[in-house]
Structures are given as structure tokens and as C-alpha cells.
Amino acid sequence: VFAVRSGGATGVVVKGLEDRNPISFRMEDKGEVKCIKFSLGNKILAVQRTLKSVDFLNFIPDSPQLEYTQECKTKNANILGFCWTSSTEIVFITDQGIEFYQVLPEKRSLKLLKNQSINVNWYMYCPESSVILLSTTVLGNVLQPFYFKSGTMSKLSKFEIELPAAPKSSKLSLSERDIAMATIYGQLYVLYLRHHSRTSNSTGAEVVLYQLPREGSCKKTHILKLNRTGKFALNVVDNLVVVHHQDTETSVIFDIKLKGEFDGSTTIHQFVLPPRSIQPYQIPVAGPASVTSQSPVPCKLYSSSWIVFQPDIIISASEGYLWSLQVKLEPVVNLLLDKGKLMDFLLQRKECKMVILSVCSQMLSEPERGSLSVIATVFDKLNHEYKKYLEAEQSYTMVVEAGLSRSNPLLKRPVRTQAVIDQSDMYTHVLSVFTEKKEAPHKFTIAVLMEYIRSLNQFQIAVQHYLYELVIKTLVQHNLFYMLHQFLQYHVLSDSKPLACLLLSLESIYPPAHQLSLDMLKRLSTANDEIVEVLLSKHQVLAALRFIRGIGGHDSISARKFLDAAKQAEDDMLFYTIFRFFEQRNQRLRGNPSFTPGEHCEEHVTFFKQVFGEQALMKPTTF
Amino acid sequence: MQVLPRGMAADVHKKKGWEVPNGSLAPGDGQHAERSESPTPGLAQGTEPGAGQEGAMFVHTRSYEDLTSPEDGAAVARSPEERRGEPAEPTSMEQISKDFSELSTQLTGMALDLEEEMRQSKEGKLELSPQTTRRDSVLSGKEEEDVTMDAWRMHRKHVFVLSEAGKPVYSRYGSEEALSSTMGVMMALVSFLEAEKNAIRSIHADGYKVVFVRRSPLVLVAVARTRQSEQEIAHELLYIYYQILSLLTWTQLNHIFQQKQNYDLRRLLAGSERITDNLLDLMAHDPSFLMGAVRCLPLAASVRDAVSTSLQQAKAKSLVFSILLSGNQLVSLVRKKDQFLHPIDLHLLFNLISSSSSFREGEAWTPICLPKFNSSGFFHAHISYLEQEMDLCLLLVSTDREDFFTVSDCKRRFQERLRRRGVHHALQEALRTPFYSVAQVGIPDLRHFIYKSKSSGLFTSPEIEAPYVQEEEKERLLGLYQYLHSRAHNSSRPLKNIYFTGPRENLLAWVTSAFELYICYSPLGTKAGAISAVNKLMKWIRKEEDRLFILTPQTY
Amino acid sequence: EEKKILFYHPNEVEKNEKIRNVGLCEAIVQFTRTFSPTKPAKSLHTQKNRQFFHEPEENFWMVMVVRNPIIEKHKDGKPVYEYQEEELLDKVYSSVLQQCYSMYKLFNGTFLKAMEDGGVKVLKERLEKFFHRYLQTLHLQSCDLLDVFCGISFFPLDKMTYLKIQSFINRMEESLNIVKYTAFLYNDQLIWSGLEQDDMRILYKYLTTSLFPRHMEPELAGRDSPIRAEMPGNLQHYGRFLTGPLNLNDPEAKCRFPKIFVNTDDTYEELHLIVYKAMSAAVCFMIDASIPPTLEFCRKLDSIVGPQLTMLASDICEQYNINKRISGAEKEPQFKFIYFNHMNLAEKSTIHMRKTPSVSLASVHPDLMKILGDINSDFSRVDEDEEIIVKAMSDYWVVGKKSDQRELYVILNQKNANLIEVNEEVKKLCATQFNNIFFLD
């Protein structure tokens, strides 16, 4: 924002939204300033004082502070305005066309890159998409977009705005005020505020969205029903269209991603939430400390002195304030009762994560406990988003691993938006808390957990082990072992070593858990050692040995380990069998049944002798 | 003192007119060695290892007695000699050791008591209380056992014998008196079902079975906690039944109860309890009874032949069987032409000998009935050990009660021949190692086996070694064999092969019409290993058969 | 004496006869107490029959007498009848007897309960009422190993479909909030049970051997008619009540449901059993007996459950066929086997045809089935793992395998296979059928 003080040399103070330190400078007064703009990066200042020309002033350190001027090329055309499309490129909009220049600050001159003659009623520039929209024709409802990019100017296909009623006269009937340009969900839209007209039986005014693609023709895609009349102003915040209504001093929010009724070409949207006012702003009273006692004055909202700039700027001329509009999500939760719709809405917002999580926790606990089907849909929506991200991530890594990353430079790691709510988020913020509280009947608790797991499976997302643990913990707390058994039977809780170990630990309270965990280890097929350990711990030395032999590892195992186990089993027959087995192994491998000192089986040999006698030792068979 | 009554006894026999037409000593249950086709190549019956080449020396036996046939209708035949009731020389009796003489007194002298009782009861007198002499020598303290204690309940196998009147005849544990009420119930159950033209067989509960065997006039009951099948237990009870017959003969037994329904048989059997006890103990760890076959003392063929011929040559007119045995293993057996000894009878003889140390003291001459051979008459057995320290017992079975000296002379001649043939030393050697070790077969995983040649009625089996060192382990092993055997010979669902993988050992049973093989080996042995072991073992037995079996049975 | 007898079948038997026979049972039991006070007789073998004793509740005894089969033999011309005493398997029939009790208990509660409710009279009535019908349904001659297991056949299902069913059940229980337990079956096989194992076991037996077979025919008809067409949108569905009202539109329709008793040894719950079926999918809703289900409730249930269940049923059907195609399990299984897991009562038999209302027929010779029975009883003597392979006289091989509470029985008719080949076959079977469980070889 430029504050220009005239009289003598003009003093200028420039304030931005973000940067706290305003630029301030003075320049000699050469007549009233029509329009003044910095180039991107605040290197060059452009000032329009006359209808014909624009003056320039370099702000590059140690470069001459001398102004230089550029006149518009077209004869007897008046400059309506100009706008920077890059740090050194500028576009003049005249009533007869546009001229695209490159500024050469060191040469202190401009170079015409391109120009296009066309009758212009007014223009509109959208910096974020660097598109200029020109209103042409008599009625002015034919709009001609231009697109600028690094020295090139491309003309996009023009389009016509349907006016509410056939204009009586051939006077300009599409005013600049009713048009706005903004990027919503990555697409550039032209928003047209179509006022209520008695003739057309429309219920109040509406906002019509024309999608403006880089190439191809622009088409009318959305209609936002305002259902009221009067003075309106638009902002676009966080991909939401916010329409302020002055008479009621409220604003309504539209989300074009939400479902609306589709009539084949365009979708008609109602506003997402009931009209609400912008949170009032208190003007801190400036002045000496002595008078701070008096409370701050609430500033007048929706005042007629407001000027809105896209996307989210509101300027109150009267109060001399500049705001950027933001959407607070917390209140939305209670305004939007349809949880499914709420999720759709929230998932599109930037700062949604915490809100979403809180919504989840809320719907799981009294008083506003949601029905299972609602919970299910919410989970599905979350996991849908989650899955999309995972897939992007996966394909990215695949490409990277394939070493193709260099070949296509525009490939970049997918950004993880807040909308991606993964299992650990759910676990830490929602589910674990929820199961801890134990206020809900266990049936419900389990149902919820199963729903979540179901949803994850539905989107083929690998379920994390801690979720299973949560399920098991809950089941065990309520002695629902048979349930647990059935889940495992159908592999609802997928196999993993930690899970198998968890089951083992349950054996004391639920014996079948032993079998379950063994099966699991077997299926894992990478857990043979664990299996042997389990069997040995149960003194099932034979089983262990048979198993090892089954997988052909019996020549490498430690004799001592098995003999120890056999001895602990306190079953002489067993001990004999195991001892014999290893005697024979020794015979087979070393041609002698006796144990080598390395095997540390002396005590077992002694024990064997003392139980079965010296002669029972295997004699070396000689061939 | 003993002479007179025996004379009288003989008279009684005459009076009662027991005689039956002079029958030949035909095999007891009239079975013949039928040759069944062989299912196993190279092992036609009679050619399997251990098969006798010149026919069998035993009556062919089924694995089980036919338990459903109410009685074995033995041809009640007695040798003509039996009829002559001349008093024997007292001297003959003096050689018999004290306690055994008492027993035989009971047996042969029973007629007297019977007569007296009859008379007295006719005179309306009360029945005599059992003689004070009975059992004094065999009191084993078991009488004191309290039949209500768990200790008593937990015995692995109870055996009870009772008369149809419900009177106790024998109880393995606990005194008959204490158990008379229990036995009463048993009898009640039996007769209850018989009243309905039905017959009680067994009662099954968790961990134990009660098996009933009906052999009129007796009822035998076993309560077993073993893994044996009903059939096997019944089979053992039958042994007990035969054991009793061997002391009384079937004819006498029936006669007694025909005379006196509620006769207390214990007074007759007094002193014989130990034999029965011994039989039961023997059955608990000797597979012979299970196999229905006899085990031979491993002996070089030459030595055995020498022994056999010596036996053969030391014959006498009245001799039916000459048997040389050691422990419960057969060394040699010579028989009268076409007279066959049933393994059961031989087992009973083995048991008789092993149950009394008294035979070591000299020559015993005792009447004995071989129930499977002829359940109605007594033979007279001459029992003696060849030498004091040597476990070699000679048993000469004669048909003539009076022939003691002739038979005793046979023994002398036999010993003298042995000496002459100079096999005596070799015999002693053999006796030093009465069992062979399974290690000789050379199969590391092999622990033990039983091989039975059906045609010869003989079986062989190594010594039970480690890991079966504890007594209960030995019995457990036998239990496993019993289990396999009962499955293999299940009367309605017999099996050819059984392969059992257990927690402590693996077992394999292979039953053909020619032989039966049971092997026990390491639980870590594989099936392939088992198969090769069987083949190797069969080869080995074939190689050793003339040492392990009697291939050439001799006749006089 | 006669008072002791609560129920006697056949009732025609003359009074003294009854008393005598009962007396014998008492005598036998008492007699065995002398040898084991705590473990009295389980069965009595006689020449003509076998008698089975069961004391389900203290001082209440159930006895079942089964006659030994008779065969006619010809001894020198004239026919002699002989009892085959080794044909009946104790374990089979004692299990049958125990099931009789469990089934009674399921529908009537314990004997003791009846006594409390109204003394001997009530108990006698209930016994009469129940067993009079139930005994007809027993087919003793065709009882076999499966009766010993009394297991549950589970429906093979992929994880996702199973989860779908899960959330279906959860939602139903939520919207029909008086429902206490739910069970879900497909093709007469269990998929989910909210009941405890033992109660489910007997309920399952009732459903599969009695209730479902009775309703088979209409269902088959329902299957044929086109369904996909009018499925979505309108509430057209194939749901119907197997218990309770037949016609919901009839305002007079009776909403009487069978009562069942579960958890009798602790909480002792009395429930209404609602069985609702759509195509091959059946759901059992069990609601507390204190809340009598009204017609409105039934209508509600029908309107909520009907469509969803119909959908689910066709989903499952699709999934099942897909899985079948993948595993190629359509063709007749080459292995004849019976599998049972004591831990979850899971049972699988390729030997038995699908259970008909009357009997479950085995497709192998009865003797082989009996050998299975023998092996099973051998197993039950010790709880260690064992394996028994036998070759019958018929040259069939029979394999019994017990591994960690699981039992597998296989019958192979490779007549002249040897032990090793047989072993290989079994290995193959385990690899194909049971590769996902831990099975020792």
C-alpha cells in the first residue's frame, strides 16, 4: 500500500502485509499520481501521472536515482493502467489495447516486447496467475484474457459473460466491480457476481464461475446461489469463495469441491454454512498511555467504505485498515452437522489436521457420539485422502529408484498436506485416547476399531501393528478371547512377529493363544528360530528337533541347547532320545559319537552315564 | 499218613465213576496247524525266520483264546494209567519240598475233604471252617491291605476269582474276606444279565476297565488301569482260569460245584495263590503271554541239537514231554510223536517253576494238569535243576503217577549224555548271557523288537536295555506292544501294519499270516528309516535263526 | 423306585422292567465307585448291547442303551444269530449322549433349573416334551467320529469380506439395540459367533442339522429367481425369518421365537433366538428373553437387515467363487480327510456329504470310519502329539495325526503304496490344505 503525501516533494510510505519495515522515500512532485506500483522484488517503481506515459525510478542500490519515462506506443490512446508481470516486465493497458514492455533499468529505458490493439473498457490483473482480463465490446461483457510468462504474451480465447437480462441500451453493462479473478483449487476462475434482476426469476443474486484454462476455451462451471440481493463483495480464501453481504453484514462461504446439483454443464452450489459475520475487530486506541483506560472501539464491519482485493484483502478506506481474510475452522465443526460433508469441507482446508482429529474424537464420545455408519464414512474419507498421498509417495519413490528422476525434472516429491491423517495420527490423538477412557460400551469400542481397520483394508493400506495391539488389548480387557480367536482365524489381524509374541504372552490366560502364535510364526516363514525357542520353552524338545530337521537345520544347531532343554523337562526318556540323536550326529559328521569339548556337553554326558549307565553310550561304529 | 487218603480218593473216583472212554492224548482244543497263504514274498509260512522245518512243536494258537465260546469242551480223556490207584511210595514224597508237598496234598487229597463235607452236611452239621494249615506258608502280608484305601484302589491290575455262589476264590490284592461283599456284587451283576439271556463283558470308566470272564463254575474279574484292550485282559484272566485248572482239572472243578454249590474253593487252592500271583507278575513284563509263543534261549545250533538228542535218548515209556528250560526261556523240548504242547500249557509250566524256589532243593514229583492239552486229567511232572548254581531246569512230563523212579532215571541218563557230548561247558557259557543285546543288529535307532514265527510258535526278542532301565519303563514298553497287538488283532477290525509315532518312541507293527514283527525305535527315527530297519532286522534274524529258534524239534 | 425315573424311552416298557434296567445302571455305577469313587462307570459292554452313563448334573443320570448289530451266520445249515460286540464305538455314543443333554439344556436350561421352577413335575414335562421329538432326530446307526468332535465348520473367507460382515453385524447390533448376541453363517458354515464357543457349538449343531434343513426347499427356489436386477434402490430383498413370524404383513402374525439358554454355568442367560436368512446367508440375533420381540420389531428388523443381508450374501457369494477359482478348489478333493481343531472347534471333512436333515453320510466304508474312531480314542488317552498310520485288511491306509490340539485323519486307497509313499501323500495334503497352520510332521 502506498501512502502518498503531496505538496512539494511527494513523500511515499510503502507498507506490505508481511514485511514489517515499510519502505519510505520521497520524490519530487510532478503532478498527481494516478497509479504507483513496485515491480516484483521492489526493484523498480512505476508511477503514472499522465494518461500517456508512465515514469520509472530504479530502486537498485547505487544506481542513478533518475526517473525515466515511457509513453504508450499507440497513438492517441490513453493508458488505463499498467501492471508488472515480473521484476522487469510491465504491461500498459490502454483504451485501445495492451503493450508489453521489458524494463532495462541500467539503460533507463524500456523495450516493447509485444503489443495488441483491442478496445478496452476496463481491465483486471491477477498477479498470482499473471493473467490480464480485458473487458471489450460495447456491453463490455466479452472478456479477453492474456497470459504473460517470461517475456511472452499469449492471448487466451475470449469469452462472453451472460448478462442477467438483455441490456436495454448499448451502454457498458458489465462493470469491473462485478468481476473477480482468483485461483481456486489450482484453477484460475473468473468470478462474476450476477445481480438479482426482476425479469429473470432467479432467487436473488448469484456468483457465476468461469473456469479459465491455459489453453482451450473458458467455460461456465459453477453457480453459487446467494439467495439474497443487495451489495456484495467477494474474497477467495483457502480455496473457498467468501461472499460478503453488506445489508445483513454477513458472509457466506462456498466450496466448489463440495457436491452441488449438476445440470449437465454447470454445478449449482448452495453455501456451505449458514451466513455468519466476520469476527469483529477491535481497534486498539492509539494515543498517550494516560488514555488507554478506555476500551478499544469495535470497528465498523461491512462498511460501504470497504474495498476488497483478490484474493483475500479487505481495505477499509474509512478506518484506514488493511486486513487479510481468514477462515476459522473450529466454529465450522458445529455449524456443519453432516459429518461426511464436514469432512469433505475440512479435508480441503489448509489448517485442517487438528480440527479433523478433534472431530473424530468428538464423534466417538458422548454426548455427540456418532452412529457407526457415520463413523465409517468419516474413516473412509480420511483414508481415501491418506491413500492418495501414499500412492503418490510410492510412485515417486519408484521413479526415483528407477533413476528416472533426472529424466523428467518436473517430477517432485508429493507434498504432504494436513489433510493426510495417517494411522499414527489417529492412534495417538483419537483411538488410544478413546479406548483409554472406557466410557463407551466395549462393543462400541471394538466396533469402532474394527471399522477403522476395515476402512484401511478397503483402501489397501497396510495396518500398523499398534492398532492390532489396541484391538487385542481391548478384547483381553473384556475377556473376549473367543472374539479375538475368530479375528485371528480370519487373519483380520495380519501376521507379524510382535503380534505373535503378544499372543504368546496371553497363553497363561488363554491357552489357545499358543497355537495361534505358532501358526502365525509359521506363516511368517521367517521366524523359524522363534518357533524353536517357543517349543523349547515348552519343553517340546522333540517337536523342536523334528521341526528343525524338517527345515534341514539339524546339523548346525547347538547340542547343548537341546540337551539343556531336555534335562529341564525332567524326562529321562526324552533326554536319552535327544542325547542319542546328537551322538549319532557326531558319528555322522565326525565319525565318532562322542562330543567335542567345544560343545560343552560334559555335564550331560555324566548325567547320561549316571542314569543309563556307561554301556548305554553309543559305541563308535567302524566300517 | 498221606497214603491212605489217596487210596480212598482213588476209590471215590471209582465210585463216582468218573472214568471216560480211553481217549488218546489229542490236542486240547483240537486245532491243527493250518497253513495260510503268505502275503509277504519270500516269507511263505513255515519259511519265515525261525520256522520249524519239521512241523511245529506246539499246537497252533490263535492270538487270543476264543473268549465267546462258553467252555473249551476238552475231550475228557485220561490215560489208562490214571485209573490204577495204587499207593505211591512215601519216599517219593519226601523229596518234595515241604511247602510244595502241602500244596499237592491239598490237590490230590481234595477228595477226602469233599467226602467228609458231604458226610457232615448230610448229618446236618455245619460246614467245616477252612483248615488252619491253608496258606500259612504263603502269607504275604497282603491280607492286611485295607481295601478302602486309595493305595489298594490304585493297583494297576486287580484280579478276582469267584464261584457262581459269589464266594471269593482268589484276589490279587486284599484278603478275599474283606472283598467278599464286592465279589458278591460282581456275581450279582453277572447273574442279573444272564437272567436276561445276556452276558456282561466289561465296564469302562476314565482310566480303568473292569473285565468279566465267565468260565462256569467260575467267574473271573479284572480291574485294570493298563492300556490293555478288553480282549487282552480277558486273555490274561483265562490264563488264571487255566492256572486253576492246572491244579484241579476241569473235571474235578465241575464235580466239586456240582456237589456243593457254595463250596469254598480256597481251601483246595490254599498255597497256590503264590503261583497265581507269580503268573500275574510274569504277564506284566514277559511278552510270551501276549505273543502266545515261547522264547528260546539263544544257543548255538550244534549245542542245542546235542541237548535235544540227549533229551530224546533219555526217554521212557510214560514220558510225553521232556523240556529243558532256563529262566522263562526254552532250551529244548522233546515230545511224543504227534503229541503237541500248547504254549499256554508250557507257560503254565514255566510259571509253576519260576514261582517256587523249592525245586532247586532236589527232585519234585507233582501231579499237574495241562488244561489246553487235556483239561480233565493229571500228568505227573518231574521237576529238577541240573545243577545247583546253574539256572537250567529239567521238566519231564509223565503220564504215570507211579513212574517217579523211571523218570528220575531219565534225568540221570540225560545228564550223563550231556557230559559225554561235552556240550555242558558250552551250555554254561550260553547261560552266562541268556539275552542278546539289540546293538548286535547294528541299527542305531532300534531300541527293541519282538519277532514271532507263527508256524513254530516261537518268538525272539532282545534284552530290554536303556532307555528302559526303570521297571515302570519296561512295563510301559510292554504296554505299548500290548496296544499295537490289540489293534492289530482287533477281532472286528484287524490291521496289517501299524506305524506309531509317539512322544517317547516310535513303534511299528507288521502282522502277516506267517509272522508278527513289532519294533520299537527312537521317536526321531524317520519312516524311511523304519522301513530299512525292518528289512535289515529281518535279514539279521534270518542270519541268526538257528541260534534264536529251535528249527529241528525232536520227538522220541 | 419308579420315582427315580424322570424319562424313559420307549415309554411302553413295562414298569418293573424299567425299574430293573435302571437298577442295573445304578448297581454298575455304585460298583465302580469301589475302585474309583470319583470316576464311576462310563459305559457297560454286554453281549447284546452297550450302555452309556452320563452324569451331566450332580445326581442326575442319563443312560443310553445301544444294541450290538446282529449278523446271521450259517452253522451246519441252520442260521445262527451272532452279536457283533466290537462294532459300536464308546466315544461316539457317549458323545451322542452328552450332546443330548447339551441340546436339552440349550432349549430348556439345566435340570436343576426345572426343579426350581416347578419340581419333578415340570422337569418330567420338559424332558418328555423335548426328548419325544429329539430322539426321532437321532440316527444312531450313522453316528461317527464327527459326533465325537461335534465341531463347527467355518466358512473360508477373505479378510475384506469378513470385515464387511463384521461392520454389518456391528451396525445391526447398534440399530437393533436389544440384540445381545449375533451369529452369522453362510452355506451352513459359521463365519461369526458372538456367543461363547461351547454354546455356539451346540447352537450350530441345531441350526445345521435341524433348522436349516427344514427350510432348504424354499431357499433353493429363492436362489434361482433373478436378484441383481431390482436389487439397488428399492427395498426388494430375500430376507425372511426362519424362526418367528412367517408373514409380516399379517397383523395377526405370531412373533414367538424359540428360547435358548446360554452361559448356564455362570451368568445363566435366557434368550430369544431369531434366525433370519437371505439366500445362503443366515444371521442369528439373540435378544434377552425379558424383552418379548414385537411385530413392529420384526418389521423393523426385516426392513433394516433384509436388504443389507441380501447384498452381503451376494457379495460373499461372488468373493467365494473368485477365491474358489483362484485356489482351483472346485474339483472334488482328491484327499479324503477329517480335520478337527480342539482350540476353535473348527471341523472339516471331505469324507462326509453335506449334512442332510436326516444324516451326514460318510463316503467311505463304515469299517474305515470305525478305524478312525479307534485311532481317535487312542489319541485321547494322552495329550502329547502322536501319529498313527495303519493299513487295514482292505489294504486301505488310514492316517491319524495329532499335533498341538489338532487332529487330522486321512484315508488313502493307494492299495499297494508303502509307508513312505503314504507319508508323502499326507505331506502333500498338509501342504495344500493346511499350509497356513503349524503342523508337525
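We name chains A, B, ... by the order of the sequence lines, and we start the count at 1 in each one.
In this structure, a donor-acceptor pair under 3.5 Å is absent between the side chains of C:Q405 and C:N341. The closest side-chain donor-acceptor pair between A:S455 and A:N383 falls under 3.5 angstrom.
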Note to self: Walk me through whether C:Y206 and C:I202 qualify under side chain to side chain contact (heavy atoms under 4.5 Å, CB included).
What the structure shows: CA-CA 6 Å; C:Y206 163 70; C:I202 195 70; over 6 Å; no
Checklist line | Chi angles and distances behind the side chain to side chain contact (heavy atoms under 4.5 Å, CB included) call for A:Y490, C:D158 | finding: CA-CA 7 Å; A:Y490 282 93; C:D158 66 292; over 6 Å; no
Checklist line | Intermediate values then yes/no, ring pair (Phe, Tyr, Trp, His ring centres under 6.0 Å), A:F562 and A:F581 | finding: CA-CA 10 Å; A:F562 281 78; A:F581 175 85; 8.2 Å; no
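With a threshold of 4.5 angstrom between heavy atoms, C:E196 approaches chain A through its backbone and through its side chain. Residue contact with chain C, scored on non-hydrogen atoms closer than 4.5 Å, involves the side chain of A:E451 exclusively. With a threshold of 4.5 angstrom between heavy atoms, A:F481 does not approach chain C through any atom at all. At a 4.5 Å heavy-atom cutoff, C:E384 makes no contact with chain A through either its backbone or its side chain. Using a 4.5 Å cut-off between heavy atoms, C:L195 touches chain A through its backbone atoms (N, CA, C, O) alone. If you measure heavy-atom distances from C:S175 to chain A, you find no contacts under 4.5 Å at all. Interface remark: A:H491 contributes backbone and side-chain atoms alike to the contact with chain C (heavy atom separation under 4.5 Å). With a 4.5 Å cut-off on non-hydrogen atoms, A:S371 touches chain C through its backbone and its side chain both. Only the side chain of C:Q166 has a heavy atom closer than 4.5 Å to any heavy atom of chain A.
A distance below 6.0 Å separates the ring centres of C:F340 and C:H342. Taking the six-membered ring for Trp and the full ring otherwise, the centers of C:F337 and C:F434 sit less than 6.0 Å from each other. When ring centroids are compared, C:W192 and C:Y181 stay outside the 6.0 Å threshold.
Interface check for chain C: of the options A:Q458, A:H485, A:Q486, the most heavy-atom pairs under 4.5 Å are formed by A:Q486. Note: A:Q515 leads A:K443, A:Q515, A:R523 in heavy-atom pairs under 4.5 Å with chain C. For chain C, the option among A:M520, A:M483, A:M450 with the highest count of heavy-atom pairs below 4.5 Å is A:M483. Interface summary for chain C: among A:L542, A:L521, A:L518, A:L480, the most heavy-atom pairs under 4.5 angstrom belong to A:L518.
In this structure, A:Y510 and A:L503 have side chains that are not in contact, with every pair of non-hydrogen atoms separated by 4.5 Å or more.
When the side chain to side chain contact (heavy atoms under 4.5 Å, CB included) test is applied to A:N528, the partners found at least two apart in sequence or on another chain are A:I531, A:F547, A:I551. Taking the side chain to side chain contact (heavy atoms under 4.5 Å, CB included) definition, one finds that A:L449 meets it with A:L431, A:T435, A:L470, A:V471, A:T474, sequence neighbours left out.
Note on ring orientation: taking the six-membered ring where Trp is involved, the planes of A:Y466 and A:Y427 are tilted (angle from 30° to 60°). Aromatic ring pairs are classed by plane angle as parallel below 30°, tilted from 30° to 60° and perpendicular above 60°; the pair C:Y409 and C:F379 is tilted.
Within residues 262-270 of chain C, no residue has any heavy atom under 4.5 Å from a heavy atom of chain A. Scanning residues 281-291 of chain C against chain A with a 4.5 Å heavy-atom cutoff picks out nothing at all.
Ion pairing between C:K402 and C:E387 fails under the 4.0 Å rule for side-chain N and carboxylate O. The existence of a salt bridge linking A:E385 and A:K388 is confirmed by a sub-4.0 Å separation between a basic side-chain nitrogen and an acidic carboxylate oxygen.
Of the candidates C:E347, C:K348, C:R406, C:Y339 forms a side-chain hydrogen bond (donor to acceptor under 3.5 Å, both in side chains) with just one, namely C:R406.
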